[in-house]
Amino acid sequence: MTQSFIPTVRTLMGPGPSDVNPRILNAMAKPTIGHLDPEFIRLMDEIKGMLQYAFQTKNQLTIPVSAPGSAGMETCFVNLVEPGDKVIVLQNGVFGGRQADNVRRFGGEAIVVEQEWGRAIDPAALEATLKEHGDAKIVSFVHAETSTGAQSDAKTICEIAARHGCLTIVDCVTSLGGSEVALDAWGADAAYSGTQKCLSCAPGLSPVSFNDRAVEAIKNRKTQVASWFLDLNLVMGYWGEGQTRAYHHTAPVNALYGLHEALVILEEEGLEQSWQRHIDNHNALKAGLEALGLTFIVPESERLVQLNAVSIPEGVDEAAVRKQLLTQYNLEIGAGLGSLAGKVWRIGLMGYASNPKNVLLCVNALESVLSQYNAHINKGVATAAIAAAYQ
Ligand SMILES: *Cc1c(COP(=O)(O)O)cnc(C)c1O
């Protein structure tokens, strides 16, 4: 007979999913209620309010899509892109490439502005592209490129796009909760995120937010939205205001208990405090990794604090090291993605996983495993460097 599945307890320090706060796991184990139960409607309203806080927005249309971050991405593109629309995609990693793919699948024309991987997006490249493509309707980009560990200046990019009359779609999957996201201050029109990165929640939900300009654009479409499930005109009948909610799909009730608890935890800590915690632990991890002799691939001022991409020491089998970290220390770190495959490790310090214990575990475990592989690293100095960084 097949036995119950009991996973080993791991420490998740990759690009996601990140460690889930036990309070959230407990919340998800509570009894399921009906998805039109008045109690559930209250839960939905509280989630919407807390998501507005997390995104720093007053946008009415701020809801979790019932599927992972990739579905939030599709929600933005399928609702805003109409056949023939020109969309400027600023790509500096894997996830920007997916945005361009979305544009094409929904009949749009993707003008891809290729940027160097491991660098922030250069706003001047957007200015130049908009001069050439004055008829563009949308500008899209990834705020926190998880594939490279680079963070871009969302405010400047959104301002340039708005000045040229373009709507903006911003990928905030890895930034939400971990570093400053401020949709209203940025003037961002549409954004999507995920629950499994810095919100410390289980994978499977995608918070999205649309401002009035974006909602107008969706309402004034000439063509029907190509996806039934993600059509916001229909989804709003369920997630909209008041008690008269119509059945659209059965919400993932227990997953939403989890998101509610994640957002309660974020409110308790405070957004600014959460961002600062991610900075502090990043600085300690950086001190430890650099003491070992590892180097970051992203210039310091463009680095993401929640996703650290470092080069692999010469002659080291990177996959074997990751495998040993997992089997010997129950520690998961990430491999390189796309053109960085085999070239970097991606070490996440996201949400609940961003804490001093994990910083110490990761650096010490790497030191131990790399020593076993006779890699050229500096031994016996990393722990002191971490301690100094926390002082
Ligand atoms: C993880 C991630 C996604 C996709 O989210 P899923 O939950 O895996 O679907 C999209 N964009 C970025 C930047 C990500 O890090």
Side-chain angles (χ1 to χ4, degrees), residues 12-20 24 51 54-55 64-78 89-103 105 115 117-121 140-154 157 168-181 188 190-209 227 229-230 252 255-256 258-259 262 278 298 302-309 332-341 344-351 353-354:
L12 301 180
M13 298 181 70
S18 63
D19 280 341
V20 179
I24 295 170
L51 279 180
F55 273 122
V65 173
S66 302
S70 305
M73 173 174 65
E74 289 220 13
T75 301
C76 289
F77 285 90
V78 80
V89 180
L90 305 164
Q91 182 184 3
N92 62 341
V94 167
F95 292 100
R98 292 185 176 185
Q99 292 189 335
D101 196 3
N102 266 255
V103 171
R105 281 167 192 258
Q115 304 271 291
W117 287 37
R119 295 298 307 271
I121 291 159
S140 80
F141 65 99
V142 178
H143 178 222
E145 241 310 342
T146 325
S147 64
T148 67
Q151 178 161 303
S152 291
D153 180 353
I157 295 169
T168 39
I169 298 177
V170 191
D171 178 323
C172 299
V173 176
T174 283
S175 46
L176 191 68
S179 42
E180 183 170 5
V181 170
Y192 58 93
S193 188
T195 45
Q196 49 136 328
K197 314 260 167 131
C198 294
L199 295 182
S200 319
C201 198
L205 292 171
S206 177
V208 295
S209 186
S227 162
F229 185 64
L230 300 176
L256 288 165
L259 176 57
H278 284 83
V298 177
E302 299 171 12
R303 268 176 218 161
L304 261 177
V305 290
Q306 57 274 59
L307 194 284
N308 302 270
E332 179 178 280
I333 65 168
L337 205 58
S339 66
L340 292 173
V344 300
W345 286 312
R346 289 181 302 150
I347 302 172
L349 281 171
M350 298 184 181
S354 178

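Here, residue 1 is the first one in the sequence, and each next residue gets the next number. Counting starts at 1 for both ligands and their atoms, in listed order.
Evaluation of the salt bridge (charged side-chain N to carboxylate O under 4.0 Å, His left out) rule for Arg119 yields Glu302 as partners, not counting sequence neighbours. With sequence neighbours left out, Asp101 forms a salt bridge (charged side-chain N to carboxylate O under 4.0 Å, His left out) with Arg105. Remark: Val344 engages Ile297, Leu340, Arg346 in a side-chain contact (heavy atoms from CB on, under 4.5 Å) (not counting sequence neighbours).
Side chain of Ser18 to backbone of Lys197: a donor-acceptor contact under 3.5 angstrom is found.
Protein residues having a heavy atom under 4.0 Å from any atom of ligand 1 are Pro68, Gly69, Ser70, Phe95, Val142, Ala144, Thr146, Asp171, Val173, Thr174, Gln196, Lys197, listed by chain and number.
Of the N and O atoms on the side chains of Gln306 and Thr174, not one donor lies less than 3.5 Å from an acceptor on the other residue.
The structure places OH of Tyr192 at 12.5 Å from NE2 of His143, a figure rounded to the nearest 0.5 Å.
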